[in-house]
Amino acid sequence: MNFIDAYSADNLTFLLNGFWLTLKMALIAIILSFILGGLVGTLRFAKIPVLSQILAMIVEIIRNLPLLLIIFFTFFALPEIGIKFKEVPAAIIALTIFEAAMISEIIRSGLTSIDKGQMEAARSSGLSYFQALWHIILPQALRRMVPPTVSQFISLLKDTSLAVVISVPELTHHAQIVYGQKSTYLVPILLFVALMYFVVNYTLSVLSRRLEVNRT
């Protein structure tokens with residue numbers, strides 16, 4: 001194990017550049033999946049005839065597929081029908097679709113957890129269904145959704161490493177290039193990669209626990 005050479009300035013800079021792309025991919029996917037998942041989860045909670053059933057079926061299909069399969073489908077299968085994405089956009093789209101399905105279930109469950117009397121009281125005060133949902137139910141549910149949502153985002157950050165299979169130049173991909181130079185770099189580089197993921201994910205875990213404590 002050659003820690004000194006493995007942790008040269010050039011190697012660390014190269015790895016940090018890959019980690020920066022990992023964080024950017026995760027952030028974009030988090031924002032998009034929260035928006036899409038929030039919309040789908042809310043529509044499912046509203047139980048709109050036909051639409052809710054269709055969305056429920058789509059969500060269940062996606063949730064029960066491996067993310068790796070979705071990445072392969074986005075990058076390799078879609079070009080067969082004329083829809084082609086480069087590596088990074090394909091990875092972000094796959095992550096967004098997969099995580100949106102997970103987030104939609106968290107949001108639907110959060111909305112369902114609010115006492116039905118809250119909706120009845122809001123409707124009796126003259127608010128429409130969607131006004132009551134937006135102004136009364138959703139703000140209460142959001143506080144309950146924060147910890148599981150943060151936990152899901154932690155999983156998303158770790159899942160970005162799967163993008164290495166389509167050669168996205170993120171942290172894991174850059175690590176493979178570095179330790180591919182010399183076998184003695186393998187352990188030091190993997191330890192560094194593990195540390196990078198641990199620091200960010202542990203920070204998010206602490207945040208999630210504090211939010212849970214504050215909520216209770």
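The basis for the numbers below is simple: all heavy atoms, side chains too, and nothing from hydrogens, waters or symmetry mates. Sequential numbering from 1 along the given sequence is applied to the chain's residues. These numbers come from a predicted model, not from an experiment.
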Q. Should we count CD1 of I4 as having more than 12 external heavy atoms under 6.0 Å?
A. no

N/O donor to acceptor pairs below 3.5 angstrom from side-chain atoms of residues 106-119, sequence neighbours left out:
| unit_1 | atom_1 | unit_2 | atom_2 | d |
| --- | --- | --- | --- | --- |
| R108 | NE | E105 | OE1 | 3.4 |
| R108 | NH2 | E105 | OE2 | 2.5 |
| S109 | OG | E105 | O | 2.8 |
| T112 | OG1 | R108 | O | 2.7 |
| S113 | OG | G110 | O | 2.6 |
| S113 | OG | R144 | NH1 | 3.2 |
| D115 | OD2 | G117 | N | 2.7 |
| Q118 | OE1 | Q140 | NE2 | 3.2 |

Looking at [Y], is its backbone amide N or carbonyl O close enough to the side chain of [X] to form a donor-acceptor pair, meaning the two atoms are under 3.5 Å apart?
X	Y	value
Y7	P188	yes
S33	I30	yes
Q53	V50	yes
T96	L32	no

Separation between [atom1] of [X] and [atom2] of [Y], rounded to the nearest 0.5 Å:
X	Y	atom1	atom2	value
Y197	L157	OH	CG	6.5 Å
Q176	L190	CD	CG	9.0 Å
M25	L156	CE	CG	9.0 Å
K24	L21	NZ	CG	6.0 Å
I154	L204	CD1	CG	5.0 Å

Q: Tell me, please, which residues at least two apart from I97 pass side-chain contact (heavy atoms from CB on, under 4.5 Å).
A: I62, I93

Q | Contacts of type side-chain contact (heavy atoms from CB on, under 4.5 Å), residue L39, not counting sequence neighbours | A | L43

[X] side chain near [Y] side chain, heavy-atom distance below 4.5 Å:
X	Y	value
N11	Q181	yes
W134	T42	no
T74	F98	no
I81	L78	yes
T203	L207	no

Q | Qualifying salt bridge (Lys or Arg N to Asp or Glu O under 4.0 Å) pairs, either residue in residues 119-131, two or more places apart | A | none

Residues which pass side-chain hydrogen bond (donor to acceptor under 3.5 Å, both in side chains) with [X], listed by chain and number, not counting sequence neighbours:
X	value
E87	none
D159	none
S124	none
N201	none

Q) Can you name the salt bridge (charged side-chain N to carboxylate O under 4.0 Å, His left out) partners of R63, sequence neighbours left out? A) E60

Q) So which of L23, V88, I92 actually passes side chain to side chain contact (heavy atoms under 4.5 Å, CB included) with I28? A) I92

Q | Minimum-distance pair of heavy atoms, taken over all atoms of A9 and T13 | A | O-OG1, 2.8 Å

In a table with atom names and distances, give each donor-acceptor pair under 3.5 Å that connects a side chain of residues 163-170 to protein atoms at least two apart or in another chain.
| unit_1 | atom_1 | unit_2 | atom_2 | d |
| --- | --- | --- | --- | --- |
| E170 | OE1 | T172 | N | 3.1 |
| E170 | OE1 | T172 | OG1 | 3.4 |
| E170 | OE2 | T172 | N | 3.3 |
| E170 | OE2 | H173 | N | 2.8 |

Q) Which ring pair (Phe, Tyr, Trp, His ring centres under 6.0 Å) pairs, counting each pair once, include a residue from residues 16-64, with sequence neighbours left out? A) none

Q) With sequence neighbours left out, which residue pairs that include part of residues 46-88 fulfil the ring pair (Phe, Tyr, Trp, His ring centres under 6.0 Å) condition? A) F72-F76

